[in-house]
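Note on naming: letters A, B, ... go to the chains in the order of the sequence lines (proteins, then strands), and numbering restarts at 1 for each one.
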Protein chains: 2
Amino acid sequence: MASRTHDPEPLLTPAEVASMFRVDPKTVTRWAKAGKLSAIRTLGGHRRYRESEVRALLQGQIPTQRQGD
Amino acid sequence: MASRTHDPEPLLTPAEVASMFRVDPKTVTRWAKAGKLSAIRTLGGHRRYRESEVRALLQGQIPTQRQGD
DNA sequence: ACCCAGTGGGGTAATTTGGGTA
DNA sequence: GATGTCCAAATTACCCCACTGG
């Protein structure tokens with residue numbers, strides 16, 4: 001088994017996610033605000049995104065979960 | 001900066017594909033709906049197209065799904 | 001402490017979607 | 001059957017400036 005420390009979950013910056021979807025980084029921010037994409041906040045308020053989730057979203061395997069409706 | 005070996009697939013917007021084919025963006029949308037062109041969806045529902053596929057289509061290297069011929 | 005590319009927040013154009021129609 | 005146009009609504013892109021990340 002691995003040690004008791006957490007596995008280093010690969011995180012992506014807004015710009016990286018934006019380039020993967022061919023959208024503006026601001027758009028990725030809107031997705032996070034809308035709850036379509038879970039974001040991890042830095043202590044300074046910047047957002048980081050889980051690479052695994054982003055890739056799953058790109059493959060369309062996640063039923064585009066929306067919050068407000 | 002996140003110096004991750006990141007190979008984002010180049011994607012094209014509907015307008016870009018439309019100008020490449022000299023057609024209306026709406027027509028490109030119809031091609032995607034008809035399955036003639038694979039499309040990746042943004043979380044907001046907009047379509048993005050693979051540049052490699054579009055270029056191959058432009059060169060006629062992909063046997064378009066046509067019935068008899 | 002300085003540098004500076006990237007990001008957040010807000011607001012406003014531009015593009016895209018989807019249906020119906022020519 | 002395939003493409004272009006009109007319309008309303010939704011989504012996205014670009015503009016500002018202040019702050020964060022390395």
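- With sequence neighbours excluded, the residues that form a salt bridge (charged side-chain N to carboxylate O under 4.0 Å, His left out) with Arg55(B) are Glu51(B).
- Here Arg50(B) pairs with Glu9(B) under the salt bridge (charged side-chain N to carboxylate O under 4.0 Å, His left out) rule; sequence neighbours left out.
- Contacts of Thr29(A) classified as side chain to side chain donor-acceptor pair (under 3.5 Å), with partners at least two apart in sequence or in another chain: none.
- Straight-line distance from the CG atom of Leu11(A) to the P atom of dG22(D): 11 Å, rounded to whole Å.
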>> Counting primed atoms plus P, OP1 and OP2 as sugar-phosphate and everything else as base, spell out the protein contacts along nucleotides 9-16 of chain C at 4.0 Å heavy-atom distance: B, S or - for each nucleotide, 5' to 3'.
In response: BB-----S
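- The closest donor-acceptor contact from the side chain of Glu16(B) to the backbone of Thr13(B) lies under 3.5 Å.
- Contacts of Arg41(B) classified as side chain to side chain donor-acceptor pair (under 3.5 Å), with partners at least two apart in sequence or in another chain: none.
- The phosphate of dT11(D) has neither OP1 nor OP2 within less than 4.0 Å of any side-chain N or O from Trp31(A).
- Arg22(B) has its CZ atom 18 Å from the C1' atom of dA2(D), to the nearest Å.
- Ser38(A) meets the side chain to side chain donor-acceptor pair (under 3.5 Å) test with Glu53(A); sequence neighbours excluded.
- Judged as a salt bridge (Lys or Arg N to Asp or Glu O under 4.0 Å), not a single pair has a partner in residues 22-31 of chain B (not counting sequence neighbours).
- The salt bridge (charged side-chain N to carboxylate O under 4.0 Å, His left out) search around Arg47(A) returns none, not counting sequence neighbours.
- Atom CD1 in Ile40(B) sits roughly 14 Å away from atom P in dT17(C) (whole-Å rounding).
- Between the two ends of the helix from dC3(C)-dG22(D) to dG19(C)-dC6(D), each summarised by a five-pair axis, the helix axis turns through 60° (rounded to 10 degrees).
- Across the strands present, dG1(D) finds no partner; the criterion is a Watson-Crick or G-U wobble pair with both atom distances under 3.5 angstrom.
- Close to dT20(D), at under 4.0 Å from its OP1 or OP2, lies no side-chain N or O of Thr42(A).
- Comparing Thr27(A) and Gly44(A) by the nucleotide of DNA chain D that holds the closest heavy atom to each, the one mapping nearer the 5' end is Thr27(A).
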